Structures are given as structure tokens and as C-alpha cells.
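Inspection log for the structure reproduced underneath, given as C-alpha cells.
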Amino acid sequence: MLTAGIQDVTDTLIENFKLNDVLRMILETMLRALAFRHVVFCLRDLKTGALTGRLGFGEGADAVAAAFKVPLKGATDLFSAVCAKGADVLIADTRAAHIASRLPAWYRQGVNAPSFLLLPVVLNSAPLALIYADSLNPGLALSDRELSLLRTLRNQAVMAFKQAI
């Protein structure tokens, strides 16, 4: 399913496309292919400089997306640090002490999934967006191949932004 989704996005990128449509295709592919509970796309808000939830898929995803407010400056929580570094992170168990202490209050109160994946979208060496996916089960495990395909989908989001500008 991931490979087919990547091909669909590739085909769309060579035509005239709407950025929102491509982002939706990417998120829906992730949700369906790996049975995530939620997939959320956060975009940098020009007024606040924070990443805020814009699109969400999965049950109750609108409320989950609305909870996302990731500051890019001055914060030291896990989400802010991951975005600042542009590093992909898979958190298998949010209850682990070293992880739980780094989760921001907005996350613990509004989302609080047992495991999740963060894929920052970086453009010109600066965080532009964040793709978040979570699971109901602690111990989320993805194969190297699945992670590689998810990174390809994220990279297609970067290409879509570059072409849309």
C-alpha cells in the first residue's frame, strides 16, 4: 500500500496539483497502509512561528490536530527538539520515564498516544511542517523498509511545497 501511495503521489506531482490534495494523499496512505490511529499534518504558522495541526485523519482526528501547537523557539520538549533537529523519531512507549518527562502538556492533555512517529518536514534548513502518526498500542514497530517508504512520502511533501512556491 505504501508503494502504491508513493506512485500515486508521484503521478500527481508531475501534473497540475493542489498542495492540499497531495498532503491528503500522503496522510491517507500512511493511515491506511500502517493502520495508524491518527495521522496529523502540522504547518508553521507565520504569526506565531509554531507548528499547528492543519489536517488530520483517523477517528477524532480533527480534535487531535487542533491540539497540536509545537513551538519552534524557546521550548525544550520532545516535539520542539525533534523539529529543530529535523530528525525522524519513533517513540515506541510514551510511558518510559525519559520520554514521558519530555512530552509537552498540550500533548499529554489532548492526545497522549502510547506510541507515535514524528517526521519533520524541513525546507531550506528550517522546519516547515511535521507529520505525526500514532498507534493505540505501545511498542509501535516499523521495519526499515516501512520507515524508508514513510520517509519517501515525507520527501514527496517537501517536493510538493517546493513546486507550489
Side-chain angles (χ1 to χ4, degrees), residues 1-2 5-6 23-24 26-158 161:
M1 280 183 108
L2 284 173
I6 289 168
L23 296 174
R24 287 179 188 280
I26 291 168
L27 298 181
E28 286 181 25
T29 297
M30 292 174 65
L31 183 77
R32 290 189 179 129
L34 296 171
F36 286 119
R37 179 177 67 160
H38 302 114
V39 180
V40 174
F41 185 82
C42 302
L43 186 63
R44 187 174 60 216
D45 183 305
L46 295 177
K47 292 178 185 173
T48 65
L51 297 177
T52 59
R54 301 293 178 138
L55 292 172
F57 289 90
E59 188 177 327
D62 288 342
V64 172
F68 272 80
K69 307 265 187 294
V70 182
L72 294 175
K73 293 183 181 171
T76 58
D77 66 72
L78 177 71
F79 286 82
S80 298
V82 164
C83 292
K85 291 181 182 177
D88 302 335
V89 173
L90 174 64
I91 302 297
D93 189 355
T94 59
R95 296 170 300 181
H98 70 286
I99 299 297
S101 66
R102 302 268 331 264
L103 295 175
W106 63 261
Y107 183 79
R108 289 190 311 269
Q109 294 162 2
V111 184
N112 208 29
S115 57
F116 61 83
L117 172 70
L118 299 175
L119 297 170
V121 177
V122 178
L123 189 61
N124 299 325
S125 302
L128 171 69
L130 174 69
I131 298 173
Y132 164 90
D134 69 24
S135 173
L136 273 175
N137 305 314
L140 175 63
L142 299 170
S143 70
D144 289 342
R145 173 107 172 108
E146 289 168 329
L147 283 170
S148 176
L149 293 171
L150 289 169
R151 287 182 178 117
T152 298
L153 284 167
R154 183 263 320 277
N155 293 342
Q156 287 181 312
V158 172
F161 272 100

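All values below come from the heavy atoms of this structure, side chains included, with hydrogens, waters and symmetry mates left out. Since the structure is predicted, the reported quantities are computational estimates derived from the model, not experimental observations.
The main-chain N or O of Glu59 is found under 3.5 Å from a side-chain atom of His38 such that the two form a donor-acceptor pair. Side chain of Gln156 to backbone of Ile6: a donor-acceptor contact under 3.5 angstrom is found. At distances below 3.5 Å, not a single donor-acceptor pair connects side-chain atoms of Arg95 with backbone N or O atoms of Pro114. Under the 3.5 Å distance criterion, the side-chain polar atoms of Arg102 are matched with a main-chain donor or acceptor of Thr76. Using modelled atom types, no side-chain atom of Asp93 and backbone atom of Pro138 make a donor-acceptor pair closer than 3.5 Å. A side-chain donor-acceptor contact under 3.5 Å links Tyr107 to the backbone of Ala113. Formation of a donor-acceptor pair under 3.5 Å by the Ser148 side chain with backbone atoms of Asp144 is not found in this model.
Ser135 and Leu140 make their closest contact through CB-CD1, 4.1 Å (heavy atoms, listed as atom of the first residue, atom of the second, distance). In plain terms, the two heavy atoms of Trp106 and Ala67 that are nearest each other are CE3-O, 3.2 Å. Closest approach of Ser115 to Ala92, counting heavy atoms only: CB-O, 3.2 Å. Looking at every heavy atom in both residues, Val70 comes nearest to Cys83 through CG1-SG, 4.3 Å. The minimum heavy-atom distance between Val40 and Gly53, with the atom names listed, is CG1-CA, 4.3 Å. Closest non-hydrogen pair, Ala141 versus Glu146, comes out as O-OE1, 4.4 Å.
Each salt bridge (Lys or Arg N to Asp or Glu O under 4.0 Å) pair with one or both residues in residues 61-77, not counting sequence neighbours, would appear here, but there are none. Identified under the salt bridge (Lys or Arg N to Asp or Glu O under 4.0 Å) test for residues 115-127, with sequence neighbours left out: none. The salt bridge (Lys or Arg N to Asp or Glu O under 4.0 Å) analysis of residues 81-92, with sequence neighbours excluded, yields the pairs Asp88-Arg151, Asp88-Arg154.
For the pair Val39/Ile26, no side-chain contact is recorded, criterion being any heavy-atom separation below 4.5 Å from C-beta on. Proximity of Arg54 to Asp45: side-chain heavy atoms (C-beta onward) are separated by under 4.5 Å at one or more points. The shortest distance between side-chain heavy atoms of Phe79 and Leu103 falls below 4.5 Å.
Partner Ile131 forms a side chain to side chain contact (heavy atoms under 4.5 Å, CB included) with one of Leu150, Leu27, Leu23 and no other, that one being Leu27.
The line from CG of Leu31 to CE of Met1 is 9.5 Å long, rounded to the nearest 0.5 Å. Of the inter-residue distances, the one linking Leu43 atom CG with Phe161 atom CZ reads 5.0 Å to the nearest 0.5 angstrom. Atom CD of Glu28 and atom CG of Leu55 lie 10.0 Å apart (nearest 0.5 Å). Taking CZ from Arg24 and CZ from Phe41, the interatomic distance works out to 11.5 Å, rounded to the nearest 0.5 Å. Note that the CG atom of Leu130 and the SG atom of Cys42 stand 5.0 Å from one another [nearest 0.5 Å].
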- prompt: Do Tyr132 and Val111 pass the side chain to side chain contact (heavy atoms under 4.5 Å, CB included) test, and can you show the C-alpha distance, the side-chain angles, and the key distance before you say yes or no?
  reply: CA-CA 11 Å; Tyr132 164 90; Val111 184; 3.3 Å; yes
task: Please step through side chain to side chain contact (heavy atoms under 4.5 Å, CB included) for the pair Val122 and Val158, ending with a clear verdict.
output: CA-CA 7 Å; Val122 178; Val158 172; over 6 Å; no
query: Going through the checks in order, is the side chain to side chain contact (heavy atoms under 4.5 Å, CB included) test met by Leu2 and Leu34?
result: CA-CA 8 Å; Leu2 284 173; Leu34 296 171; 4.1 Å; yes
field: From CA spacing to verdict: side chain to side chain contact (heavy atoms under 4.5 Å, CB included), Leu119, Met30
entry: CA-CA 12 Å; Leu119 297 170; Met30 292 174 65; 4.1 Å; yes
